[in-house]
Amino acid sequence: MDRVKTIPMIDLPRVHSTYKDKLETAASEVIGSGSYIGGKILDSFQDRLSVYLNTKVFGVGNGTDALLIALMALDIGPGDEVIVPAFTYAASAEVIALLGAKAVWCDVCSETYNLIPDSVELALSSKTKAIIAVHLFGQLADIEALEKIAEDIPIVEDTAQAFGAKFKCGKHKGKFAGSVGVFGTFSFFPTKPLGALGDGGGIACYDQFLYNKALSIARHGQKEKYVHDIVGINSRLDTIQAAILNVKLDYFERELIRKAEIKEMYYLALKNLKSISLPTECDFSTHVWHQFTIKVYENDRDKLRAYLENNGVSSMVYYPIILPEQRAYGSMIERTSLSNSRALSAQVLSLPIDPSMSNNDVQFICKSINEYFGK
Ligand SMILES: Cc1ncc(COP(=O)(O)O)c(C=O)c1O
């Protein structure tokens, strides 16, 4: 008989249960304040985030808006090309299409799942106006290598999945994901490394002119109230979400420590399996373990997934179809081989990595995987 599903990818009510009273107090403070858009609570969260990341940050409605606003501030439009990985979430490329520009797909490394600098070099043209470097699954793309290849081209760091990751060495040693590119964009979607209780996002920018321009775009193109210099949109981080995030930031680092313990348990229990590959940690980045994504060989991925499901263990395929093969983006540009991205879409499987998981949960998942492979 099938088991009742017992281990979700992430159990947010359980994650929040340790500090639920603080979340409730923070929400109720906003309710009592009457300031639901903007105000002191939002300002203080933005200030805190700016200090934490050591760069200026403001809140927006979600991570997709953050990317859109960054590209709008860089004046990207029809006739322009923007380099983006073929293997990422749709939002990273959707914003390029929305502005009438062309996405130029690049391949990702089959070990780290992040952009291959050589592939970016082949994709460059005189029309290239930006590179969207996605820090996929929780560790950094090689920004320093991209900077060397494309010296004058602005890099937008899509940091939706890697809030809190840091450069361990090189030119950017000690700096946070999202703080070194011309723009860093963040998503505070609930399951993200720093997640709100609804949608939320942020934009980091060290260039004062571009920071002001992006902020104005997010406020209907206004610098002053009712004076619209440029065409903008409406994108704000709700005050209530800022209050929630302010509480969650206090627990962020300890959640990272717990996720690192869980990943160690996975490594220990699964390292001898020849039919899968465990995620590779690159030497220049810390990892915030947004996902623990393995590769499963010999067309076994979907069968393993079904077996786990039957044992009550959730897993997810991020991402089953690469972006160049999505009908929505059929008219974009493919200038380099995307063979790794294509292979990964058939091999990747993300396992639960939730700071509130028990050791028993992790052991049960590993036991199920070992059993599947007859170990
Ligand atoms: C890599 C990446 N970029 C951008 C986004 C968009 O973020 P949001 O859902 O907050 O719009 C996501 C969210 O899933 C993402 O994973």
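Since the model is a prediction, treat every value here as computed from it, not as a measurement. Start at 1 and go down the list; that is how both ligands and their atoms are numbered.
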List ligand 1 atoms under 4.0 Å from [X], heavy atoms only on the residue side.
X: V134; answer: 1 (C)
X: N62; answer: 10 (O), 11 (O)
X: A91; answer: 4 (C), 5 (C), 6 (C)

Do [X] side-chain atoms and [Y] backbone N/O form a donor-acceptor pair below 3.5 Å?
X: T239; Y: Y36; value: yes
X: R48; Y: N246; value: yes
X: R301; Y: V348; value: yes

Is K173 positioned over the aromatic face of F167, cation under 6.0 angstrom from the ring centre and no more than 45 degrees off axis?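 Geometry flag: not set, cation outside 6.0 Å or 45°.
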Using side-chain contact (heavy atoms from CB on, under 4.5 Å) as the criterion, point out the one residue from I132, I96, L124 that pairs with I83.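 Exactly one pass, corresponding to L124.
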May I ask which of D158, V95, T185, D65 has a heavy atom nearer to atom 1 (C) of ligand 1 than the others do?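 Answer by nearest heavy atom: D158.
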Nearest to atom 15 (C) of ligand 1 by heavy atom, A93, G61, A160: which?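 Result: the heavy atom closest to atom 15 (C) of ligand 1 is in A160.
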Min N/O separation [X] to ligand 1 under 3.5 Å:
X: K192; value: yes
X: G63; value: yes
X: T88; value: no

Look at [atom] and say which protein heavy atom is nearest, naming residue and atom and giving the distance to 0.1 Å.
atom: atom 16 (O) of ligand 1; answer: Q161 NE2, 2.8 Å
atom: atom 12 (C) of ligand 1; answer: Y89 CD2, 3.5 Å
atom: atom 9 (O) of ligand 1; answer: S187 OG, 4.1 Å
atom: atom 6 (C) of ligand 1; answer: T64 OG1, 3.4 Å

Pair F45 + Y52: ring centers closer than 6.0 Å: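 Ring centres of Y52 and F45 not closer than 6.0 Å.
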Determine, using ring centers only, whether Y211 and F58 are less than 6.0 Å apart.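 Yes - the distance between ring centres of F58 and Y211 falls below the 6.0 Å cut-off.
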With rounding to the nearest 0.5 Å, note down the distance linking CD1 in I203 to OG1 in T159.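 Spacing of CD1 (I203) from OG1 (T159) equals 11.5 Å.
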